[in-house]
Amino acid sequence: ELSLTSLNEDNIIPIRPVEVSTKLPDLEMNITGQLFSSKRTVLNSFKTDCLRSLSFTNIDDRQATITLPHQDTCNWLFETLQFQTWHNRNDIQSHNGVLWIKGNPGAGKSTLMKHTLLYCKETLKDHVIAAYFFNARGNILERSPLGMMRSLLYQLLDQDRISCERFLPMFLDKQKK
């Protein structure tokens, strides 16, 4: 049962049960008997539920199985004009914010991208960084666009509080249906 509560100084006064609204920042709820007296705690609980609904078995397996490159073998990429243009967010119309790596099977694209991902996490600390590595031998979600979208959305919502707070009303509305 969900019920709203109101804080009156240090006292919590229960109010009649109501349906969850999309006004999350104003909510304070009693969920399954556990009293949440802070909006942040409520939002964190909803965020956890939302992230669990997006997650799937082996979501990070492909990335985890890609070996790291030999020392200094992939750093050449960071010196290229294409990478610098993408990394510095210049001329976005020409690349739409996408760094595209092409090559023959077994050429090292995944290794290069994992190295690039680690580099970006280190150099772009003030940015949301999300990545997905398809796994052709994995389960259906590991090798499908749906799995990619779920993983990328999971990473975005996990890293960006404002995006998460904007997304939660849609998640809660979907939960009701």
Side-chain angles (χ1 to χ4, degrees), residues 24 31 39-175 177:
L24 285 178
I31 299 176
K39 292 182 276 186
R40 186 63 40 219
T41 303
V42 171
L43 288 173
N44 284 339
S45 177
F46 288 146
K47 176 181 176 180
T48 298
D49 291 345
C50 180
L51 293 178
R52 281 186 183 140
S53 76
L54 292 169
S55 186
F56 55 90
T57 304
N58 307 329
I59 194 169
D60 295 320
D61 274 11
R62 175 66 180 125
Q63 182 178 341
T65 61
I66 298 168
T67 58
L68 293 173
H70 296 288
Q71 189 172 0
D72 299 325
T73 57
C74 291
N75 291 335
W76 60 268
L77 176 67
F78 310 137
E79 306 302 322
T80 65
L81 178 61
Q82 293 90 345
F83 180 83
Q84 289 295 319
T85 300
W86 172 82
H87 185 267
N88 296 329
R89 314 275 303 149
N90 296 331
D91 194 23
I92 292 199
Q93 310 85 299
S94 71
H95 56 76
N96 296 313
V98 175
L99 179 62
W100 191 282
I101 304 292
K102 298 185 278 187
N104 293 328
K109 296 177 301 296
S110 295
T111 300
L112 180 62
M113 290 310 301
K114 183 173 181 176
H115 184 68
T116 303
L117 174 62
L118 296 173
Y119 175 85
C120 289
K121 285 182 175 182
E122 194 61 36
T123 62
L124 300 170
K125 291 186 186 284
D126 60 335
H127 290 69
V128 173
I129 309 240
Y132 188 73
F133 292 80
F134 283 93
N135 186 357
R137 295 182 190 100
N139 68 43
I140 188 69
L141 287 173
E142 290 178 273
R143 61 180 189 258
S144 70
L146 176 60
M148 177 190 69
M149 294 303 295
R150 284 175 59 173
S151 175
L152 293 174
L153 184 57
Y154 179 104
Q155 294 170 69
L156 171 67
L157 298 178
D158 192 38
Q159 294 178 55
D160 186 51
R161 183 184 56 81
I162 292 171
S163 293
C164 187
E165 288 178 6
R166 288 182 179 163
F167 184 81
L168 282 176
M170 291 180 278
F171 168 73
L172 292 172
D173 184 56
K174 189 76 170 168
Q175 292 288 86
K177 296 179 181 177

Between the main-chain N or O of [Y] and the side-chain N or O of [X], is there a donor-acceptor pair closer than 3.5 Å?
X      : Y      : value
Arg143 : Arg137 : no
Thr48  : Asn44  : yes
Lys109 : Lys102 : no
Glu122 : Tyr119 : no
Lys114 : Thr67  : no
Thr116 : Leu112 : yes
His95  : Trp100 : no

Reported [atom1]-to-[atom2] distance for the pair [X] and [Y], which is rounded to 0.5 angstrom:
X      : Y      : atom1 : atom2 : result
Glu142 : Ile59  : CD    : CD1   : 9.5 Å
Ser151 : Gln63  : OG    : CD    : 8.5 Å
Met148 : Phe133 : CE    : CZ    : 13.0 Å
Glu165 : Phe46  : CD    : CZ    : 12.0 Å
Ile66  : Leu117 : CD1   : CG    : 9.5 Å
Leu54  : Leu156 : CG    : CG    : 10.0 Å

- Under the side chain to side chain contact (heavy atoms under 4.5 Å, CB included) criterion, do Asp91 and Gln93 qualify, and how do the steps go? CA-CA 5 Å; Asp91 194 23; Gln93 310 85 299; 3.8 Å; yes
Which atom pair, heavy atoms only, marks the closest approach of [X] to [Y]?
X      : Y      : result
Asn139 : Asn58  : ND2-ND2, 3.7 Å
Lys121 : Lys125 : O-CG, 3.6 Å
Arg150 : Ser55  : NH2-O, 3.0 Å
Ser53  : Phe171 : OG-CE1, 3.4 Å
Leu157 : Cys50  : CD1-SG, 3.9 Å
Met113 : Ile101 : SD-CG1, 3.0 Å

Are the side chains of [X] and [Y] in touch, meaning some heavy atoms are under 4.5 Å apart?
X      : Y      : result
Asp158 : Lys47  : yes
Leu43  : Arg161 : no
Ser110 : Arg62  : yes
Thr65  : Asn135 : no

- Using the six-membered ring wherever Trp is involved, compare the ring planes of Trp86 and Phe83 and label them parallel, tilted or perpendicular (cut-offs 30° and 60°).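 Trp86 vs Phe83 ring planes: tilted.
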Listed pairs under 3.5 Å, donor-acceptor, residues 69-76 side chains, sequence neighbours left out:
residue	atom	partner	partner atom	Å
Asp72	OD1	Asn75	ND2	3.0
Thr73	OG1	His70	O	2.7
Asn75	OD1	His115	NE2	2.8
Trp76	NE1	Thr73	O	3.4

- Message: Run Phe167 and Leu153 through side chain to side chain contact (heavy atoms under 4.5 Å, CB included) and show every step you take.
- Response: CA-CA 10 Å; Phe167 184 81; Leu153 184 57; 3.7 Å; yes
